[in-house]
Enquirer: 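Take this structure, written in structure tokens, and hold onto it; I'll ask about it next.
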Amino acid sequence: MPSFSAGASTQKQQNYQRRRQQIREQRKSLPIASVEKRLVDEVRKNDTLIIVGETGSGKTTQLPQFLYDGGFCQDGKVIGITQPRRVAAVTVAKRVAEECNDQLGKKVGYSIRFDDSTSNATRIKYMTDGLLLREALLDPLLSKYSVIVVDEAHERTVHTDVLLGLLKKVQHSRANASKNGKTLPNVGHSQNLTQKACQGTRCAPLKLIIMSASLDAKCFSDYFGGAKTVHIQGRQYPVDILYTYQPESDYLDATLVTIFQIHLEEGPGDILAFLTGQEEIESLERLINERARLLPPESSKIWTAPIYSSLPSEQQMNAFKSASAGTRKVVLATNIAETSVTIPGIKYVIDPGMVKARAYNPVTGMESLIIIPVSKAQALQRSGRAGREGPGKCFRLFQESEFDKLVDSTVPEIKRCNLSNVVLQLKALGIDDIIGFDFMEKPSRTAILKSLEQLILLGALTDDYKLSDPVGHQMARLPLDPMYSKALIVSSEFKCLEEMLIVVSMLSVESILFFPREKIEEARAARKGFESSDGDHITLVNVYRAAAECLEKSKNANAKERTMDKALTRWCRENFINHRSLKHARDVHSQIQGHVQQMGLNQSSCGEDMALFRRCLTAAFFLNAAMRQPDGSYRALATSQSVQIHPSSGLFRTKPDCVIFNELVRTTQNYVKNLTRIDPLWLAELAPQYYATED
DNA sequence: GAGCACTGC
């Protein structure tokens, strides 16, 4: 026995040494490794540095370690690195912890919503950009950070843009604070918050590093007063770009033809085609499989793998599997494959040049999804997906002259979405002048005014645009759409917070009920069991409670957590409920419950009194009321738009006189979703400020 | 009788 165990441990030791050696070599071979000293020097010399690093440069994993070794974590200070996506924050943190030969959550950790793996010992902290914004509400000077690295800044998410504006301000405040010792200037931040944050600590200047993969670093540099820009080489194989000679009128058909052209004429390697949505993917998949049957028997086979975000995870995994010998994999993907996931084995990319994008009309306040041409940067990102493992080819299904006409980069999200949440956050950070705020790219004046107006109607702002006390402060603390935050506060007064907490949790996630085309009747029958004739909100409460009951039952049977989860998964399958969404809703529920407890809101249930709950829904969502018209259509009262009840609503057939709704989407026509029937008289009674009687 | 790019707190 002793000799055996000694052998095993020697073996283990050898494996360990080999792994360490492998990591050292991988790190040394990264393009960024050769410029470590120069980078650390530049960070020492410059308060703000822009780093342009192409894919594969190693900037995300290496730079924080260089800075740590360079002494930027002295006095317990932390290096924070923000990412636009949760999964990136987690995977990079795990990798860096391994490179540091340390347990995750010690020196290296990550923090994302619902999942915190940091400790007092954490010095290199990966997190989502939205989370850092939340931290700023509690510590406006972000005083524990010596360096903040904003990664993937070129993606220009709303969170990134707000964060950049905020960091610029924080940097000024901290620079002045350290110059003046303890007398603190008030640079936009509310005075008492700033003082509290700096009490007893010396606020050293904040180092900012903006990392971007796009070549267009000038906009970042300009924004930060001509900040120094450093370029780091990437490691990417060459990709041949091919254009069509003629314009293609039908990009779906052109994609189909190109897939078979590659399959029959090009060497081995998988294909990735970018489409705009689920419907296109499903129809192209059918077409490919029909045509694949006509291939000559001696030719190699084609295997299609769809991937888009609402596809259940097990089915998404298909796209990552390799095809069997003699078969070519064709991945049909939405934008999810552009940045969020990397699919191995891709040699050919097909880019029809279109994308489904969110659009916002600040006049009507309506968001919609429209299909538009991609930007140059996006086309570049897509073609890069062919060069991850070897030289590749990208087939752009448009002419080269069309490429030149594309916009350089995608319009930042902040210019095409509802800003209520952004404005509320900025107000809570003590930034009062929103119109004058130094955004990197300013949203339209109309959009800002629209959100200010909405926040006043919700009672978050006073008539002179100040954050109201306590409602505005409470609303800003809740990580929810402002209208949902307000609904919780209202429900506390109506004594039905328990029900409203369930409703806002369920409304905050992707759709809970799902209807597979092939089993539509079964799905409908399953929903009958939860359905309320009063409308969809109460149906959602019923679903949530039934799921909780299912979990409670298996808990009483002393089941282990895994068994409980299995029971719930099965229950979801039987009832045609999206398990991922339900789990997410339960996470949101428990997080928000913590917040409302701290705020001391009245946590009671309305019991069986659903009329009370509907009155509460009316008081909360009065801005979204619609009346039936003689022709059977509806009119949204706030905007006078003509709308229809979406067929997914339980009230689709009933057609009540008056409803409140939570979503207005424009597709083939204007649809309202998530409805509850109400008495029209309640509007004037419960929202007199808005529905003052006209006669 | 319709359908939802992708994220995030």
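In what follows, chains are A, B, ... by sequence order, proteins preceding strands, each numbered from 1. It should be emphasised that the depicted structure is a prediction, and the values quoted were computed from it without experimental measurement. Every heavy atom of this structure was used, including side-chain atoms; hydrogens, water molecules and symmetry mates were not.
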Enquirer: Tell me whether the count of non-hydrogen atoms from other residues, nucleotides or ligands lying under 6.0 Å of NZ in A:Lys168 goes above 12.
Expert: yes
Enquirer: What's A:Arg86 touching, base or sugar-phosphate or nothing? Going by heavy atoms closer than 4.0 Å.
Expert: sugar-phosphate
Enquirer: Tell me: CD1 of A:Ile112 to P of B:dC9, nearest whole Å?
Expert: 7 Å
Enquirer: Base, sugar-phosphate, or nothing: which does A:Leu369 touch, judged by heavy atoms less than 4.0 Å apart?
Expert: base
Enquirer: Mind checking if A:Tyr671 touches a base, just sugar-phosphate, or nothing, with heavy atoms under 4.0 Å?
Expert: sugar-phosphate
Enquirer: Select one nucleotide: of B:dT7, B:dA2, B:dC9, the one nearest the side-chain heavy atoms of A:Arg113.
Expert: B:dC9
Enquirer: So that I know where these two stand, are A:Tyr544 and A:His589 an aromatic pair - ring centroids less than 6.0 Å apart?
Expert: yes
Enquirer: Which whole-number value in Å describes the distance from A:Glu663 CD to B:dC4 C1'?
Expert: 9 Å
Enquirer: Rounded to whole angstrom units, what separation is found between the CG atom of A:Leu429 and the P atom of B:dC9?
Expert: 17 Å
Enquirer: To the nearest angstrom, how far is A:Gln669 atom CD from B:dG3 atom C1'?
Expert: 13 Å
Enquirer: Counting any heavy atom closer than 4.0 Å, what does A:Arg477 reach on the DNA or RNA strands: base, sugar-phosphate only, or nothing?
Expert: nothing
Enquirer: Which is true for A:Ser309 with a 4.0 Å heavy-atom rule: it touches a base, it touches only sugar-phosphate, or it touches nothing?
Expert: sugar-phosphate
Enquirer: Expressed as a whole number of angstroms, how long is the span from A:Leu478:CG to B:dG8:C1'?
Expert: 16 Å
Enquirer: What is the distance from NZ of A:Lys673 to C1' of B:dG3, rounded to the nearest Å?
Expert: 7 Å
Enquirer: Is A:Lys94 atom NZ crowded by more than 12 heavy atoms from other residues, nucleotides or ligands, each under 6.0 Å away?
Expert: no
Enquirer: Using whole Å, report how far CZ of A:Arg156 lies from P of B:dG8.
Expert: 19 Å
Enquirer: Taking for each residue the nucleotide of DNA chain B with the nearest heavy atom, is it A:Gln425 or A:Asn335 whose nucleotide lies nearer the 5' end?
Expert: A:Asn335
Enquirer: List the atom of A:Leu284, the atom of A:Leu332, and the distance in Å for their closest heavy-atom pair.
Expert: CD2-CD2, 3.9 Å
Enquirer: Among B:dG8, B:dC6, B:dA2, which is the nearest nucleotide to the side chain of A:Tyr308?
Expert: B:dC6
Enquirer: Looking at A:Thr128, does any N or O in its side chain come under 4.0 Å of the phosphate oxygens OP1/OP2 on B:dC9?
Expert: yes
Enquirer: B:dC4, OP1 or OP2 - any side-chain N/O from A:Arg358 closer than 4.0 Å?
Expert: no
Enquirer: Determine, step by step, whether A:Tyr634 and A:Lys655 satisfy the side-chain hydrogen bond (donor to acceptor under 3.5 Å, both in side chains) criterion, reporting the C-alpha distance in whole Å, the side-chain angles of both residues, the deciding distance to 0.1 Å, and the verdict.
Expert: CA-CA 9 Å; A:Tyr634 283 76; A:Lys655 288 198 183 288; 5.8 Å; no
Enquirer: Take atom CD of A:Glu510 as the centre, draw a 6.0 Å sphere, and report whether it contains more than 12 heavy atoms from other residues, nucleotides or ligands.
Expert: no
Enquirer: Figure out the CG/C1' separation between A:Asn670 and B:dG3, and round it to whole Å.
Expert: 16 Å
Enquirer: Please tell me which of A:Pro479 and A:Pro647 maps to the more 5' nucleotide of DNA chain B, matching each residue to the nucleotide holding its nearest heavy atom.
Expert: A:Pro647
Enquirer: Considering only heavy atoms and no angle criterion, is a donor-acceptor pair shorter than 3.5 Å present between the side chain of A:Arg85 and the base of B:dG8?
Expert: no
Enquirer: Of all the choices, B:dC6, B:dG3, B:dC9, which nucleotide is nearest to the side chain of A:Glu279 once you look at every atom?
Expert: B:dG3
Enquirer: Look at the side-chain N and O atoms of A:Thr334 and state whether any lies under 4.0 Å from the OP1 or OP2 oxygen of B:dC6.
Expert: yes
